Structure formats: structure tokens, C-alpha cells
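Read the structure below first, then the notes.
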Protein chains: 2
Amino acid sequence: MAAITTRPRTTVAELLRACRADLTPSELLVAQALLADYPAAGLQTVAGLASTAGVSAPTVVRLVAKLGFPGFATLQQRLRAELSARSAGPVELYPEPGPDGAVTPLLRRCQRTIGRAVTQSLRELDPVELDRAVALIADRDREVVLTGGRVSSTHAEYLARYLSLLRPGVRYLQPDRAVRDAALLDVGRRSTLVVFDYRRYDDEVVEFGREGVRRGGKVVLFTDRYLSPLASSATVLLTTVVEGPRPFLTLTPALAVVESIVLGVVEASGPRLRRRLESFDRLTAREPR
Amino acid sequence: MAAITTRPRTTVAELLRACRADLTPSELLVAQALLADYPAAGLQTVAGLASTAGVSAPTVVRLVAKLGFPGFATLQQRLRAELSARSAGPVELYPEPGPDGAVTPLLRRCQRTIGRAVTQSLRELDPVELDRAVALIADRDREVVLTGGRVSSTHAEYLARYLSLLRPGVRYLQPDRAVRDAALLDVGRRSTLVVFDYRRYDDEVVEFGREGVRRGGKVVLFTDRYLSPLASSATVLLTTVVEGPRPFLTLTPALAVVESIVLGVVEASGPRLRRRLESFDRLTAREPR
DNA sequence: CCCCGTGTGAAACATCTGTTACAAGCAGTG
DNA sequence: CACTGCTTGTAACAGATGTTTCACACGGGG
């Protein structure tokens, strides 16, 4: 991310269509080639684009100039910027233009995108990685500390609430600097840190994880496929698809993985857990409905 | 476009993730930069990518070689090919090699049950009911109060965090008797109560909802198909499948519905929201990474 | 018929790019 | 402490890239 993601007001494609009138025949060929495989065609070299359009390099350059760019490089920059804007934060791509005018019904879009994200994430989840996560979390000789970013911390809390039923030594840390710092004091070789960090990645969360590792802890990291900076320090990496109904990200797949882990911990814990759950039952079911 | 758009079996992104283990720290920086702004970052020059990653050009080249490409140009070709190949959305980008062969029973069961629960829940969700929920929640003349049971309250919190970005007058109530009682004092005709109550139903939550209705509030109730006792008092009823990998319940479908509502509220709010989000952006992006 | 404006490509050029070779820095080991 | 192996950046290099120049081809008007 970073850089100047100043979204240009008009896209290259729009420019192309607008100038269509005063282009020479050969230049039109270039424009067509450009739009036919947009934006990939524009990201090759001038010679490459010229050859796919069936014209010479100078023709491409002249078109570029006609569009108002100082050079081919600038056009490419613009193309890349458009590309980046598609997967940036909610605001950048907020307009939700609806390419073909008609906006698909809310529910239908959610069905498609979220449903797919969940199934795909579960399908692509590495079983070995999942087992390692379960092992680190189920181990009763380790304490488990959970936290996450401003939004994803609710996932941490969700997991924490389940885990508290399943074993002792579970701590959820609110997304707060002071809380996390204090907790770090007790982090050591026997600590499992479960961290949720999705785009945009949270510096404080990353720093928490890094410091935890420095103190000997192991990190189970939930993140998206673009990997939080903390990924390099993580012992176990659990990635999920986050592309939801535009312009939003979805954390539903992440929750699916969380629940998978809960089940894994249950199964790893054996009969001792059964007694624990029964005991909990007696506590909560004091007044039967 | 011409040529053969033979989709490579594995994407660059996948390669990157696969090689994560044997990359040096600096190379990891490059990998992150690449994935963080995929695929645009990889379509600049080597020097450009190096500078956004904060390393030198040779490091980039070494990473490229490690991935198995004969040169940077080849990698870019691949990137462009991926770009051209995708027509059905960003998710398609990851065609999924699929861990062929054995999948852990644990994972397989979660895939089946959770995946099905999500798709089924979304499929069976009544669009009209969803719209009514969105209307009640998006209405700026109403305040929104959210709460839930011991486990499901994290869903309430999740929704609350998003809503706070989208509009004023959002309050999340912890699953605590005293907190809820205090909040009830301010509940009136202008209140929308968003309540999560799944088996086993929580008396305190139900009582909170009922009292809210008595005071003139309207209730949007998230519950399972067996219906919380509060259902009879609810204005809008959103039910989801909860049958997960036995013996557990899953609240993943509920989160899918929550996210659908967030999207609905965004779309119902129009351009005013855009300014609000931009303003928020400026707040959070004070220290660029 | 010649002239002239326009559109276009071949070739030459200067620059920038990717790449390679090498040396400095650093951590761990004997 | 020297040595070894590994990372990483600096500097030099060869080749490719974008750009410019110029000449040719074409077509319509004097």
C-alpha cells in the first residue's frame, strides 16, 4: 500500500473512449488492443503492445501522447494505480460503480461472494497448519493469549470465550496498547499467542506479536492472503480469503477457521474435557428453563 | 489479445506463499510488498518494487530467481497472464491447487458442515426480512443498541464496530445484566435493538429484548431456526442454520448475515457516508506504514 | 501532373533497466 | 579471536526500452 494512491479522476479506459474520435486508424488499433485486454495489455512494453495491435512502436507512443501523458511510463503508472485501487481499503473503492449499470440485489451478491469465500478458504486451508495450530492451542502446558485488530479482535474474543470453556490459562486482550503491553510482561516460552491481523494491518498488533516472539512465545497468526507483516515471525499461519461483496472485506471465513480450531481442540482434549464441560453445564443450567 | 492465454497452474501469489519458509528477511519484505498490492506492485520496475519494499534491487532479483523465474520479465509476463485470465472477480485469482489426497477428518468435516450451513443460511434468508433489518438499522433517526448472549455477543460487537463507522448513535452492550439494565433506561420509540440469541437461549437477553419492546423499541433478532423465546416480540427475524460439526453449533452463518447487513447499510446510506468514511480514513491513517 | 498535408514505419539514439560481480556486514562456531 | 557461511547493498555492465528523427507512402486539391 503506502505510496500515493491518489485515485485519478478518470481512468485510462475512459480517456481512450473519449479520444476515440480524433485517433488515426492505426492508433485506433492500439486503443482496441488496449481495451480488449485491459489493463494487462498496457502493462507490457511498448514494442509488445505495438505487436499485439499490429502496428509499430512509434504509433503507440503517439497515441500515448495524444491521451495527454508525458510518456508511456506515466500511463503504466496510472494503470497500476487503477489496479491497486481495486483492492484497497473501503473508501478508495467505495463508489461501487456497477460496471453494467444494473446493481445485483444485495442478498444475491452476498450469497455469491461470502459463500464462495468460506468454501474456498476452508478448501485451501492447510490441514497440517491447522493441526499445528490446534496443538499449540490445546496444549495445557501453555497459556494462550489472544488479541486482534480493531475489527478482528472480536474473532479473538469469540475464540477466547470458547477456549475458556475448554481449558484454563486463556486470556483475551482488548485492542488496546496498554492492555497488550501489560500482558507482554507474562509472555514467555510457555505462551501461545493467537493473533488476528487483517488488512489494513495494525502496527500495534504486529508489534505485540513481534515482542511476544522475542520473549520466547509462539504465534498463531490469522491473516489474509496478503500476509500481515507479522507473518514472518509466526509459527503457524492461517490465511483466509477476505474478498467479500465489494467494497468490503469479509471475515466470515476467518470465523469458520476459528470454529474449526475449537472443534480440533475439543477432539484433542479427550475425556477430561467431557467432565469439564459437564461441570460447566451444572453451573450455567442452575435455573432450567 | 491473441496468443495463448494458457493459465499457469500456480499463481505467483501462491508461489510466494509456498516459498515463504526459505526466504531471507529482506526477501520477505519484497514478498510482502508484492502481496500487499497484488499484482500491481509486481508490474513496476525492479527498482520501484525494491524501493517500496525498502530493499535494494538485487534483493528483488534474487527473490525472483528463488521463485524459479529466469528473470524479472518472465515474472511480469506471468502476472499479466493472471490478470488477463481473470474474468470472474478477484477470488478467481487463486485457482486453488487443492491439497490433493488426504484431508484431515477434522478439516473435512468442518468444510462440509460449516460450508453448507453458510450457503444454506444465505439461500434461505428472506430478502424482504433482510431489507427491513437494513432499514431499521440504517435509519439515522433511530439509535441502535446491540447485544447478545455469552458467545453471540461477539457478533453484536462485530456489527457494532462496523456500524460506528457508518453512523452515529450506535451502542454495544456487553453481556452483563447491569450494563443492559442501565441501557434500557434510554430505550424508547426511536430505538432499534439488535439482539443475538442462539441456543441455549439466554434469559437475560430475552428479558432485555422484551423490556425494550415494552418501552417502544423495535427488535431485530438474530437466532437459530428453533427460535429464541424473544422471537414473538421481534420486529424482524433473521434465522440461520447453526448445525455445525457435531457436537458443536456454528455461528459462522450468522456472521455472514451480519456482513450482509453492513453492506446493506452502506448502500442505503448514499454519498453522505462517503465523506464520513473519508474522515475516518484520515483519522486512522495518521501514521502511514 | 505536381504539391502538400497527413499517417506511418525504419533506424538511430540516449536513457533506463535488469543483471552480475564483488565486497562489506553480521551471526554463529571452533 | 579468526573463520565460515550467509545476507545484503554498491558499483559496473550489457542489453533492452522508450523516444525522436527522418524518409517514404498515400490521397486529395490546385
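Chain letters run A, B, ... following the sequence lines, proteins first, then strands; residues in each count from 1. A quick note: this is a predicted structure, and the numbers were derived from the prediction, not measured.
Remark: A:Glu143 does not engage A:Arg190 in a salt bridge, criterion side-chain N to carboxylate O under 4.0 Å.
Applying the 4.0 Å criterion to OP1 and OP2 of C:dT8, one finds that A:Thr59 has every side-chain N and O outside that range. Distances shorter than 4.0 Å separate none of the side-chain N or O atoms of A:Ser26 from OP1 or OP2 on C:dG7.
For B:Glu27 and D:dC6, the CD to C1' distance is 11 Å, given to the nearest whole Å. Distance CG (B:Leu29) to P (D:dT8): 8 Å, rounded to an integer number of Å. In this structure, B:Asp22 places its CG atom 20 Å from P of D:dG5, rounding to the nearest Å. Between the CG atom of A:Leu49 and the P atom of D:dG18 there is a distance of 10 Å, given to the nearest Å. Atom CG of A:Leu28 and atom P of C:dT8 are 10 Å apart (whole Å).
When all heavy atoms of A:Val205 and A:Arg180 are compared, the closest pair comes out as CG2-NH2, 3.5 Å. Heavy-atom minimum distance, A:Gln44 versus A:Gln76: O-NE2, 2.7 Å. A:Ala117 and A:Glu243 get closest at one heavy-atom pair: CB-O, 4.1 Å.
Taking a 6.0 Å sphere around CZ of A:Arg177, one finds it holds 12 or fewer heavy atoms contributed by other residues, nucleotides or ligands.
Here the side chain of A:Arg140 pairs no donor or acceptor atom with the backbone of A:Gly169 at under 3.5 angstrom.
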Summarise how protein sits on nucleotides 10-23 of chain C as a single string, 5' to 3': B when a protein heavy atom is under 4.0 Å from the base, S for sugar-phosphate-only contact, - for no contact. B------SSBB---
